[in-house]
Amino acid sequence: MYTLIELMQLSIYGIVLGSILTLGAIGVSMIFGILRFAHFAHGDLLTVGAYCGLGFLSLTGAPVWFALPAGMAGAAVVAVLVDQAVYRQIRRTQPVILLISSFGMGLIIRSVVQVIWGPDVYSYPGGIQRPWQIWELSIIPNHVWILLAAVVLVALLHLFLTRTRLGKAMRAMSDNMDLALVTGIPAERVIMITWIIGGALAAGAGVLLGMDSRLTPMMGWSTLLPIFAAAIVGGIGRPYGAIAGGMLIGLAMEISTLFIDPSYKLAVAFVIMVAVLIVRPHGILKGAW
Amino acid sequence: MELTGIAAYLVSFFTFVGIYSVLALGLNMQWGLTGQFNIGIAGFFAIGAYTSAILTTSETTRHLGGFDQPFLVGLAGAVAASALLGLAVGWITARLRTDYLAIATIGIAETLRLVIANEGWLTNGVRGVSGIQRPLDGTFQALGLGSGLGSLLVVLVFVGIAYFFAERARCSPWGRVLRAVRENEPATEAAGKNVGRFRLEAFVVGAGIMGLGGGLYAHHFGFLSPEAFLPLYGTFLVWVMLIAGGSGNNKGALLGAVVIWIIWSGSEFVMRGVLPEGYGGHAGPLRVILIGVLLQVILITRPEGLLPEKAPRDIGKGAGRRES
Amino acid sequence: MSLLRANDIYGGYGGADILNGASIAVDKDEIVVIIGANGAGKSTLMKAVFGLLHVRSGEVVYRDAPITNGRPETMVTRGIAYVPQEHNVFPSLTVQENLEMGGYALKGDLRPRLETVYGLFPRLAERRRQEAGLMSGGERQMVAMGRALMIEPSLLMLDEPTAGLSPRLIDETFQRIASIRDLGIGVLMVEQNAKQALAIADRGYVLATGANRFEDTGPNLLANREVAEMFLGG
């Protein structure tokens with residue numbers, strides 16, 4: 001009985017973490033689907049979003065939830081700027097070099113955050129919350145809001161991808177880039193939208209992560225591996241798979257703490273990813289998008 | 001006094017250049033020659049360093065050890081451990097595209113750092129391993145050479161050995177196959193070469209060389225902690241060095257190590273001079289931004305680096321690109 | 001005046017030229033078919049016209065305006081649609097979404113154009129919510145052609161539209177192509193099923209090693225003994 005409750009408690013944490021990872025993994029997956037490279041600075045877009053949200057709050061004194069739209073806007077702008085200034089120049093000639101370029105870009109972004117905000121640890125205003133006691137489980141109010149926010153963001157993305165011209169064009173480009181070009185879909189515009197959405201979702205993950213714990217310049221980098229794991233487990237290039245991947249990785253990371261030292265959560269994500277790569281190189285879900 | 005200070009600085013400077021040269025040569029084997037992406041150099045560097053440290057240190061209660069082996073055994077262990085790790089990573093990712101290899105190597109590096117930080121019995125955790133001896137220290141002292149200079153000489157000898165073998169490998173038929181794999185994998189496969197095997201071999205050899213770099217680092221520095229193997233020092237600088245110097249070219253790897261280490265350590269002095277009082281904490285991130293931006297500029301304007309690889313590689317490339 | 005003329009085209013994929021002075025012309029209201037042995041440069045010529053590979057020498061003229069080495073997007077907005085031989089649908093998009101993508105480059109209401117395409121391919125109307133990747137080869141070909149028709153093109157270029165189809169579907173496809181022509185659209189197609197293609201074609205070109213070997217009306221080419229021996233299986 002005791003372990004069952006513990007398991008359920010950890011599952012709640014896992015779902016919360018999973019919803020955060022999902023938002024990051026969707027972006028990684030979309031960028032991979034359209035630009036065909038693993039974006040190593042994606043974790044740092046989380047960081048940018050979280051800190052932009054923080055900056056907005058401290059400038060305006062707005063209620064804490066305004067960090068979400070503010071962070072999303074900030075990270076979307078950063079993502080587009082980075083793509084236009086750097087990735088765009090490189091992808092024309094040597095796509096594979098984008099891997100190392102984005103790795104370096106991640107370090108740059110992290111350092112800029114550190115120059116602006118310093119190496120200190122911040123947290124969003126709101127203080128410590130008293131958890132709700134439901135049956136034997138304790139539920140932190142913020143966790144409910146985090147999950148809700150993630151669900152809303154994913155739902156909005158779904159509507160965008162299935163109901164709008166640009167959203168469909170994004171799916172089309174991810175399906176078949178060559179055909180998209182001969183069809184007359186404006187590739188550069190779709191790529192820009194991809195960065196806006198990928199950056200905004202990453203920022204969503206960053207702000208929610210910041211609400212769950214605290215803000216440090218390394219917060220995004222240390223989340224990058226689980227995000228990649230989620231994207232790969234879900235089938236990289238398939239945003240909808242990222243939801244399943246995110247949940248699986250989030251749950252596995254939290255539940256693993258029953259058995260092993262919590263410092264190895266990250267390694268758990270890595271091991272699952274490697275196992276999936278060996279057994280199912282294309283992810284656990286069949287079908288695209 | 002002033003002069004000896006500068007001399008000591010130069011000795012330490014060139015020792016680091018030497019260690020980074022070895023790492024860059026290892027990366028050149030993997031990326032430069034074969035086109036395999038390793039963004040987890042820090043992991044191979046770390047496993048080499050810790051293996052050699054554990055093998056050579058004397059009895060202690062702080063971490064696994066007490067083997068008291070000589071320096072060369074430590075280095076051999078470093079190379080072997082890192083090569084084994086390379087074998088595991090390379091085997092798992094053999095049939096997967098480049099991006100997965102890159103992700104897997106990052107995962108290995110980060111996981112290893114966790115292990116180093118958390119497994120105190122093995123590595124003494126964040127408190128680190130200390131008391132790693134410099135090789136032939138007594139002999140150098142007796143000859144009247146400073147300990148630092150002796151260490152530099154040892155490192156340079158191994159840079160020479162690594163360079164010699166890397167260059168031999170590059171010019172051998174084996175190296176030609178690696179370049180063929182990089183340029184046109186299907187055609188190489190069609191020519192009857194076991195592409196997977198050649199890739200794996202190159203990855204393992206490259207990893208072994210990185211392990212050597214780790215071992216040299218451990219013995220020069222005398223102290224190891226997980227901090228030393230963050231992606232910035234362990235991985236990023238090596239990549240910038242190889243790309244700036246010219247990937248595919250072993251001389252480029254050496255040149256890149258010198259140039260980038262000059263810029264990297266020079267930037268410390270510049271920052272110290274330029275930054276106003278109280279902003280010293282910004283020096284670190286600003287230096288990273290500087291090197292990061294330098295990398296992007298090189299990638300955009302001169303991706304072939306200072307010493308481009310010799311001519312024959314580009315013939316087929318333009319054709320392939322237009323078609324896609 | 002022709003709708004499209006390509007004069008003396010030289011070019012290839014960056015290495016040696018594949019096209020060595022090929023020339024074609026297409027008028028509205030006509031089906032023009034390019035036949036030739038494997039490697040003669042048929043598909044390459046079509047790609048060169050559409051700007052998908054570099055034309056080193058020669059010119060492509062559309063409605064009296066030079067469009068040599070134009071970008072594919074501008075081709076589409078000028079009214080030239082192209083259907084590649086393979087991978088010519090967006091597999092995870094539904095039939096209707098595929099068609100909508102076809103109309104992406106044109107502003108304005110898509111519905112009348114969707115109705116035209118559904119009128120031409122009633123089967124697509126039945127399956128408009130189905131993912132294109134799950135459809136049969138023949139249906140996918142319809143989706144591909146429908147997608148191209150969504151820009152209301154003046155010129156439709158088809159790269160082997162019947163490749164891999166069953167004999168019954170081949171007949172059906174050629175009938176559709178004829179009815180597309182009857183809408184006033186010029187059709188340029190590359191075909192392996194040379195006999196049937198020439199039967200519905202108004203004119204045809206026979207390509208060999210990247211240059212014109214024969215050109216004539218469809219019936220005349222069918223009757224030409226040399227052509228028959230070379231490409232029509234006797």
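Please read all numbers here as calculations on a predicted model, not as lab measurements. Heavy-atom basis, side chains included; hydrogens, waters and symmetry copies ignored. Letters go in sequence order (proteins before strands), and every chain restarts at 1.
You'll find the ring centres of A:Phe103 and B:Trp239 outside the 6.0 Å limit. Aromatic pair A:Phe32/A:Phe37: centroids not less than 6.0 angstrom apart.
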Sequence neighbours excluded and cut-off under 3.5 Å, please list the side-chain donor-acceptor pairs for residues 221-230 of chain A, or say none.
residue  : atom : partner  : partner atom : Å
A:Ser222 : OG   : A:Met218 : O            : 2.6
A:Thr223 : OG1  : A:Met219 : O            : 2.5

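Chosen from B:Glu110, B:Gln296, B:His282, the residue pairing most often with chain A at heavy-atom distances under 4.5 Å is B:Gln296. Across B:Ile108, B:Val297, B:Leu290, B:Thr98, the residue that shares the most heavy-atom pairs under 4.5 angstrom with chain A is B:Ile108.
Contacts of A:Met105 with chain B are made by both backbone and side-chain atoms, with heavy-atom separations under 4.5 Å. Proximity to chain A involves both the backbone and the side chain of B:Leu114, based on heavy atoms less than 4.5 angstrom apart. Neither the backbone nor the side chain of B:Val240 comes within contact range of chain A, judged by heavy atoms closer than 4.5 Å. A:Ala269 does not touch chain B: none of its heavy atoms, backbone or side chain, sits under 4.5 Å away. Both the backbone and the side chain of B:Phe236 come within contact range of chain A, each with at least one heavy atom under 4.5 Å from a heavy atom of that chain.
Below 30°, between 30° and 60°, or above 60°: for B:Phe203 and B:Phe44 the angle between ring planes is above 60°, a perpendicular geometry.
At least one side-chain heavy atom of A:Ile100 sits less than 4.5 Å from a side-chain heavy atom of B:Leu299.
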